[in-house]
Amino acid sequence: MAKIFQVSARAGMTRVVEPIARALLRAGVTPNAVTVAGTVGVLVGALGFGARGHLVAGALIVTLFALTDLLDGTMARMSGGSTKFGAFLDSSMDRVADSAVFGAVAYWLATQGNHSGVAAALVCLAVGGLVSYVKARAEGLGMTCNVGIAERTERLLIVGVGGILTGVGVDPALEIALWLLAAVSIFTVGQRMTHVYRQAQQLQPDGQA
């Protein structure tokens with residue numbers, strides 16, 4: 001099944017960031033430095049703005065710095081490929097950033113007395129981590145898991161759009177976006193587990209249950 005954010009759109013974004021990636025590499029900036037800077041930017045947007053109710057500014061800052069996830073990957077490819085530590089750092093920083101985003105959203109919704117929205121944000125936080133864990137665990141066992149309609153980019157886009165709409169006066173938009181995101185994230189976990197199960201069955205020696 002196709003991802004929400006189509007591969008063609010990702011390719012288009014890559015063409016946009018390639019000149020920036022080349023310029024940063026020429027300036028001596030490393031992909032790891034961009035990874036850390038992007039995470040710091042997301043933390044500022046989520047905790048410094050989103051958690052205080054400045055939803056439009058927070059969403060725009062988070063979206064801007066979340067795009068560094070594409071930038072550091074492009075830089076790594078241009079410089080000869082990602083290192084093992086670079087891949088580890090990128091994945092770890094993604095989890096930090098995602099926790100900040102959904103933690104900030106949950107905190108702000110709690111200050112507004114929106115208990116349903118808080119529940120949705122917590123579900124998104126928990127299931128979002130599971131989406132990533134299932135893929136990492138599968139790859140650690142030598143299998144692939146590049147499937148699912150809602151990967152990290154899609155998840156951040158959905159919550160970002162909801163935050164912006166709520167920030168401009170469409171009050172239920174963020175809560176609706178969170179429940180939608182919770183649903184597609186749970187579906188994505190199911191997709192990935194099914195995909196891994198099928199691979200495991202094919203790899204299993206005949207005669208074993």
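No continuous path of hydrophobic side-chain contacts links Leu178 to Ile164 [ILVMFWY only; heavy atoms under 4.5 Å]. Following chains of ILVMFWY side-chain contacts shorter than 4.5 Å, one cannot reach Trp179 starting from Ile158, and the two form parts of different hydrophobic clusters. Hydrophobic clustering (ILVMFWY, side-chain heavy atoms < 4.5 Å, transitive): Val123 and Leu125 are in distinct clusters.
Here Leu180 contributes atom CG and Arg155 contributes atom CZ; the two are 13.0 Å apart, rounded to the nearest 0.5 Å. Rounded to the nearest 0.5 angstrom, Met193 CE and Arg198 CZ are separated by 13.0 Å. Expressed to the nearest 0.5 Å, how far CG of Asp90 lies from CG of Asp69 amounts to 5.0 Å.
Listed for the Thr30 side chain is a donor-acceptor partner under 3.5 Å among the backbone atoms of Ala33. Distance alone, capped at 3.5 Å, places no donor-acceptor pair between the Arg137 side chain and the Tyr133 backbone. Checked by atom type and distance alone, the side chain of Ser91 never pairs as donor or acceptor with a backbone atom of Ala87 at under 3.5 Å. At distances below 3.5 Å, at least one donor-acceptor pair connects side-chain atoms of Gln191 with backbone N or O atoms of Ile149. Between the side chain of Arg192 and the main chain of Val131, a donor-acceptor pair closer than 3.5 Å is present.
Annotation: side chain of Trp108 is in contact with side chain of Thr166 (closest heavy-atom distance under 4.5 Å).
Side-chain atoms of Thr144 and Gln199 include a donor-acceptor pair closer than 3.5 Å. Side-chain contact of Arg152 with Ser132: a donor-acceptor pair under 3.5 Å is absent, judged by distance alone.
Clustering of Ile, Leu, Val, Met, Phe, Trp and Tyr by side-chain heavy atoms under 4.5 Å joins Ile176 with none of the others.
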